[in-house]
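Below is one structure, written out as structure tokens, with a few remarks after it.
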Amino acid sequence: GNTLKARTIAILGSREVGKSSLIIQFVENHFVESYHPSVETTFRKVIRYKGHEVEAEIIDTAGQVEHSILSFTHVVGIHGYILVYSVTSKQSFEMVKIIRNKILNYSGRESVPIVLVGNKMDLHQQRQLTFEEGKNLASHWQCAWTEATAKRNDNITNIFKLMINEMEKDINPNNKE
Ligand code: GDP
């Protein structure tokens with residue numbers, strides 16, 4: 001049936017990779033050139049996908065990760081993680097690996113629902129990471145992956161559909177779709 005499920009999703013990654021931009025593009029359908037929340041902000045949106053209606057609570061962690069404040073508060077009550085790097089920053093790619101390790105450590109699990117996102121795919125000239133590097137890391141982690149651009153609004157909706165799919169798999173391991 002169409003029961004409304006509540007799911008909490010955290011978006012994590014280095015500062016400046018476009019976490020806030022992609023949430024705002026998804027939730028409010030516009031691109032903000034500069035938006036700098038200094039505190040953690042929560043957004044809500046009902047996502048309809050494959051007959052599911054999910055009331056998503058999306059947590060923008062506002063760049064706290066660099067200051068190693070990723071802690072238990074970032075794993076308690078979180079159903080899924082969107083880990084964002086920028087295709088223009090190798091450093092941000094290294095950061096998502098560190099973040100995933102921390103999540104697994106804090107949660108005490110071998111895997112958690114993750115969508116890996118390579119944002120800023122519009123910046124062809126500044127690319128430091130290939131399509132394959134992102135794809136390979138995701139297959140190594142057995143998680144979902146996409147490149148996207150919050151600025152051009154490409155693949156943003158897809159990120160959240162992938163997230164719902166990963167969270168559904170987590171609840172029902174027989175659902176391999
Ligand atoms: P956050 O610190 O991870 O939340 O990053 P922001 O959302 O504040 O974005 C950092 C900067 O990158 C801002 O200047 C955004 O306008 C810019 N930005 C975000 N997404 C994109 C994108 O897809 N393409 C381009 N070219 N710039 C982006």
Side-chain angles (χ1 to χ4, degrees), residues 7-45 47 56-71 73-75 77-104 106 112-138 141 143-164 166-167:
R7 293 287 180 265
T8 304
I9 300 161
I11 311 225
L12 298 165
S14 298
R15 195 180 283 272
E16 294 289 308
V17 294
K19 297 180 299 297
S20 301
S21 302
L22 74 81
I23 297 173
I24 290 168
Q25 185 62 268
F26 179 65
V27 176
E28 298 174 3
N29 300 300
H30 63 94
F31 180 70
V32 276
E33 221 20 273
S34 78
Y35 168 82
H36 296 290
S38 53
V39 291
E40 198 166 278
T41 314
T42 297
F43 296 83
R44 281 189 176 73
K45 180 164 171 145
I47 307 171
E57 187 174 276
I58 305 162
I59 302 172
D60 185 358
T61 50
Q64 295 177 40
V65 166
E66 290 85 335
H67 309 292
S68 69
I69 307 174
L70 180 75
S71 68
T73 59
H74 291 116
V75 300
I78 308 285
H79 300 100
Y81 297 87
I82 297 174
L83 300 190
V84 186
Y85 63 95
S86 166
V87 300
T88 66
S89 162
K90 272 201 190 297
Q91 216 183 329
S92 72
F93 195 62
E94 294 310 309
M95 183 59 80
V96 291
K97 299 176 188 173
I98 293 167
I99 294 168
R100 177 174 173 273
N101 281 336
K102 287 195 175 199
I103 293 168
L104 296 183
Y106 283 128
V112 290
I114 290 174
V115 180
L116 180 63
V117 177
N119 190 38
K120 307 198 187 183
M121 64 181 282
D122 56 299
L123 297 178
H124 305 286
Q125 308 291 326
Q126 283 127 274
R127 218 182 235 278
Q128 290 186 1
L129 293 151
T130 63
F131 199 77
E132 283 72 26
E133 283 171 282
K135 195 180 166 143
N136 291 342
L137 182 61
W141 287 354
C143 72
W145 165 79
T146 185
E147 287 195 349
T149 162
K151 185 164 191 170
R152 307 257 179 266
N153 195 13
D154 271 343
N155 278 343
I156 299 302
T157 307
N158 191 38
I159 294 169
F160 291 87
K161 291 183 173 172
L162 291 170
M163 185 78 269
I164 289 174
E166 290 302 301
M167 293 187 297

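Because only heavy atoms are used, hydrogens play no part in the values below, and waters and symmetry mates are left out as well, while side chains stay in. When a ligand or atom number is given, it counts from 1 through the structure's own listing order. For this chain, numbers begin at 1 and follow the sequence in order. Given the structure is predicted, the values throughout are model-derived calculations rather than measurements.
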Self-check item: Close N or O approach (F31, ligand 1; < 3.5 Å)
Solution: no
Practice problem: Mark yes or no for whether K19, through its side chain, and S14, through its backbone, hold a donor-acceptor pair below 3.5 Å. | Solution: yes
Exercise. Give a yes/no on ligand 1: does S14 have at least one heavy atom closer than 4.0 angstrom to it?
Key: yes
Exercise. Quickly, which of T41, I11, I9 forms a side chain to side chain contact (heavy atoms under 4.5 Å, CB included) with I23? Name it, please.
Key: I11
Self-check item: Main-chain N/O of K90 paired with Q128 side-chain donor or acceptor, under 3.5 Å
Solution: yes
Quiz item: Near T149, which atoms of ligand 1 are under 4.0 Å from a heavy atom of that residue?
Solution: 22 (C), 23 (O), 24 (N)
Practice problem: Could you pull out, from K120, K19, E16, the option with a heavy atom nearest to atom 28 (C) of ligand 1? | Solution: K120
Self-check item: D60 N/O under 3.5 Å from ligand 1 N/O
Solution: no
Quiz item: Do any nitrogen or oxygen atoms of A148 lie less than 3.5 angstrom from nitrogen or oxygen atoms of ligand 1?
Solution: no
Practice problem: Would you mind running through ligand 1 and noting each atom that sits below 4.0 Å from a heavy atom of S21? | Solution: 6 (P), 7 (O), 9 (O), 15 (C), 19 (C), 20 (N)
Self-check item: Side-chain (E133) to main-chain (T130) donor-acceptor, under 3.5 angstrom
Solution: yes
Practice problem: Taking atom CD of Q91 as the centre, report whether more than 12 heavy atoms of other residues, nucleotides or ligands fall under 6.0 Å from it. | Solution: no
Quiz item: Sub-3.5 Å donor-acceptor pair from the side chain of K45 to the main-chain atoms of F26, do we have one?
Solution: yes
Exercise. Check each atom of ligand 1 against the heavy atoms of L123 and keep those under 4.0 Å away; list them by number with element.
Key: 26 (N)
Practice problem: Could you list the atoms of ligand 1 found under 4.0 angstrom from a heavy atom of V32? | Solution: 16 (O)
Quiz prompt | E16 bridged to K120 by N-O distance under 4.0 Å | solution = no
Quiz item: Counting each atom of ligand 1 from 1 as listed, which ones have a heavy atom of K151 under 4.0 Å away?
Solution: 22 (C), 23 (O), 24 (N), 25 (C), 26 (N)
